[in-house]
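So you know, we letter chains A, B, ... as the sequences are listed, proteins then strands, and number each from 1.
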Protein chains: 2
Amino acid sequence: MGASLKDIACKLNLSKTTVSWVLSGQGDKKGISAETQSRVLACARSLAYEPNLLARSLNTGVSKTIGLILPSISDTFFAHIADRIESEAEREGYSLMIAGSNSEPERENALIRLFRSKKVDGIIIAPADASGREVGRLAESGCPVVLFDRCLAKTDAGCVVIDNEAGSHALVRHLAARGFRKIAIITTFPHLPTMELRHRGYLRALAEAGLHADPRLYGEVAYAGYRQHVCDTLDRILATVPDTDGFFFTTHILATEALRYFHDRGIDISDGRLGLACMHEDPLFRLAAPRMSVARFPVEEISAHAVRLLLRQIRESQSPGSVRPAPESVVLPCRMEFRDE
Amino acid sequence: MGASLKDIACKLNLSKTTVSWVLSGQGDKKGISAETQSRVLACARSLAYEPNLLARSLNTGVSKTIGLILPSISDTFFAHIADRIESEAEREGYSLMIAGSNSEPERENALIRLFRSKKVDGIIIAPADASGREVGRLAESGCPVVLFDRCLAKTDAGCVVIDNEAGSHALVRHLAARGFRKIAIITTFPHLPTMELRHRGYLRALAEAGLHADPRLYGEVAYAGYRQHVCDTLDRILATVPDTDGFFFTTHILATEALRYFHDRGIDISDGRLGLACMHEDPLFRLAAPRMSVARFPVEEISAHAVRLLLRQIRESQSPGSVRPAPESVVLPCRMEFRDE
DNA sequence: CTGAAAGCGCTTACAG
DNA sequence: CTGAAAGCGCTTACAG
């Protein structure tokens with residue numbers, strides 16, 4: 001392995017203390033002679049000294065690492081979030097440990113414990129476990145934690161979400177205003193607050209437009225094997241209510257699969273006879289479904305706020321007379337893009 | 001913070017040694033009495049003991065963490081790779097530290113040093129620095145390292161790549177066979193071996209088809225601000241050679257931008273008068289450009305091989321009388337999908 | 001101006 | 001069957 005402080009100290013007949021001070025830039029403050037300092041620096045360079053950050057962390061209790069737990073790393077939304085969070089974190093000197101929960105509470109809880117054991121300074125998580133058991137324990141124990149995308153009612157952790165209800169409502173209201181009457185909703189993970197809010201926005205828009213919320217137009221898709229499930233669900237809805245004239249998708253993943261379904265079934269979505277709307281988006285939606293309206297999620301803001309809230313918590317928890325601050329939460333508006341005008 | 005071994009030892013009037021042995025499952029082997037063992041276990045549970053993995057790593061020299069350095073975390077290709085690598089790694093008990101180099105050699109080198117300092121057990125990297133200075137140093141110093149996507153000629157690290165030359169060649173040959181004569185190439189990062197191979201495959205296919213490699217049909221796009229650059233480049237090519245009848249894109253990112261360009265310019269790509277081909281793909285290509293042929297990258301295999309090669313190196317480096325094994329490399333074929341028949 | 005010493009929380013020879 | 005001790009590589013009071 002590489003050289004250690006001790007190696008340098010031995011070689012120079014100095015104490016580890018002196019070497020440590022010089023190398024950590026406290027040479028002047030501690031009054032180490034200029035000559036000694038340059039000797040240390042030169043020796044460190046010649047031995048290609050790199051500090052063992054594990055040792056430093058063990059000593060200081062600060063790992064300069066944050067943990068990020070996502071339902072899926074490859075989902076474009078989460079991948080972009082991870083990208084931005086990594087940049088923001090890195091700018092502040094933090095590295096990122098990342099893991100995918102696959103939306104399984106068991107895995108999520110195991111990952112939380114693992115990250116704590118690895119002594120991350122804080123955790124950013126898009127929780128899959130609506131019960132939030134482990135997340136709650138995390139916050140209680142004083143570990144800095146910020147939730148995003150999905151908030152948990154019970155937990156008093158910091159949280160960053162978009163205004164799901166407003167976004168859904170705006171999309172569905174727009175569909176209704178364009179004259180679509182039988183608007184189906186395709187959704188998943190209905191037990192998550194996020195998804196419930198999107199459903200609620202849909203229902204409110206229907207009610208305001210004087211439309212009946214036909215249960216036959218409710219399509220719920222299980223996450224595992226969702227590709228097939230989307231097809232089955234659309235088949236079922238179109239068979240039961242053949243004159244369905246609109247679809248509201250609660251995620252871009254569901255919309256993507258539905259577009260493939262329409263394409264494969266030869267259902268034309270370009271003539272505007274079908275009203276389409278989707279929470280979040282994909283760069284290619286504009287081409288593959290030019291008339292689908294979307295509520296874009298502000299990925300940059302979400303990431304920036306998440307990191308900001310977490311760093312604030314971390315700083316508070318590391319400063320001496322710290323009282324745990326009231327956890328701050330942020331609700332961000334979607335950027336609406338109505339595309340069928 | 002949480003309880004430590006010492007806390008348990010004190011509480012039970014035992015030594016840290018005994019507690020450590022019981023908790024690490026060596027109780028029977030070390031002949032600790034059943035009663036002591038259950039007292040330790042019970043106490044650990046009641047104190048919610050979780051081992052400090054930093055301390056363990058510092059002691060054992062094994063961090064059970066691997067570093068992943070990608071040009072971009074949000075690029076769908078790399079995001080999928082990260083997802084798979086994380087799964088594979090987790091299954092073997094490893095966590096993932098992830099970072100984006102933004103294809104900047106300086107950042108990449110800094111990240112490599114940082115990860116080494118954080119004592120990752122090995123690094124998987126899609127190198128941006130064609131010179132491979134830091135990567136070479138890494139391999140020489142005995143740190144397990146596996147490259148993927150982009151190989152470096154000089155380095156003797158393990159490597160996993162697709163057959164770039166064959167994939168490009170097959171795509172362009174196919175375009176030529178369909179009768180397209182003026183096939184442009186749109187590429188980026190031309191100094192990277194990967195991209196050079198894709199260019200070479202293009203050139204070979206042209207030559208074999210008796211087509212002239214018109215330099216005016218060569219479009220090179222800078223990474224920074226590539227959106228605008230793609231448009232400018234296509235503008236330039238179509239202005240210079242108005243009867244350009246084919247486009248070969250060396251990455252899915254470039255193809256995506258080009259599709260937007262065609263869409264915005266009102267250029268019809270659905271009638272088959274323009275031959276299109278692309279290295280890698282996007283799930284929505286089938287809808288947005290149904291006739292574009294693609295060479296799909298085997299993401300799962302790439303990830304599986306990368307992790308496998310890295311773990312092998314890690315095990316060798318950790319086993320006692322280890323001679324550094326000859327670094328193994330893997331070349332995987334693309335999955336061709338010719339879509340315009 | 002510089003150093004000896006304790007400690008972060010583990011693991012693991014070594015000793016009894 | 002159990003424990004005292006050293007060590008992983010740092011940082012940081014404390015002392016001179």
When you compare C:dT11 with D:dG3, how far apart are their C1' atoms, in angstrom units rounded to a whole number? 14 Å
For nucleotides C:dC1 and D:dA13, find the distance between their P atoms and express it as a whole number of Å. 22 Å
Are [X] and [Y] within salt-bridge range, i.e. N to O under 4.0 Å?
X	Y	value
A:R107	B:E90	yes
B:E50	A:K119	no
B:R308	B:E328	yes

Phosphate OP1/OP2 of [N]: any [X] side-chain N/O under 4.0 Å:
X	N	answer
B:T60	D:dC8	no
B:S20	C:dC10	no
B:S33	D:dT2	yes

Kindly point out which of D:dT12, D:dG9, D:dT2 is positioned nearest to the side chain of A:Q26? D:dT12
Of all the nucleotides listed (D:dA13, D:dA4, D:dT11), which has the minimum atom distance to the side chain of B:S15? D:dA4
Assign each of A:S24 and B:N59 to its nearest nucleotide of DNA chain D by heavy atoms, then name whichever residue's nucleotide is nearer the 5' end.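 It is B:N59 whose nearest nucleotide is closer to the 5' end.
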Mind checking B:L54 for me? I need base, sugar-phosphate or nothing, with any heavy atom below 4.0 Å counting as a touch.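 The residue B:L54 makes no contact with any strand.
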Determine the contact category for A:N13: base if any of its heavy atoms lies under 4.0 Å from a base atom, sugar-phosphate if only primed atoms, P, OP1 or OP2 are that close, otherwise nothing.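 Sugar-phosphate: the residue A:N13, judged by heavy atoms under 4.0 Å, touches backbone atoms but no base.
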A:R56 has an atom CZ; how far is it from atom C1' of D:dC8, in whole Å?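 Going from CZ in A:R56 over to C1' in D:dC8 covers 16 Å.
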Taking for each residue the nucleotide of DNA chain C with the nearest heavy atom, is it B:T17 or B:N52 whose nucleotide lies nearer the 5' end? B:N52
Apply salt bridge (charged side-chain N to carboxylate O under 4.0 Å, His left out) to B:E134 and list each qualifying residue two or more places apart in sequence or on a separate chain. B:R113, B:R137
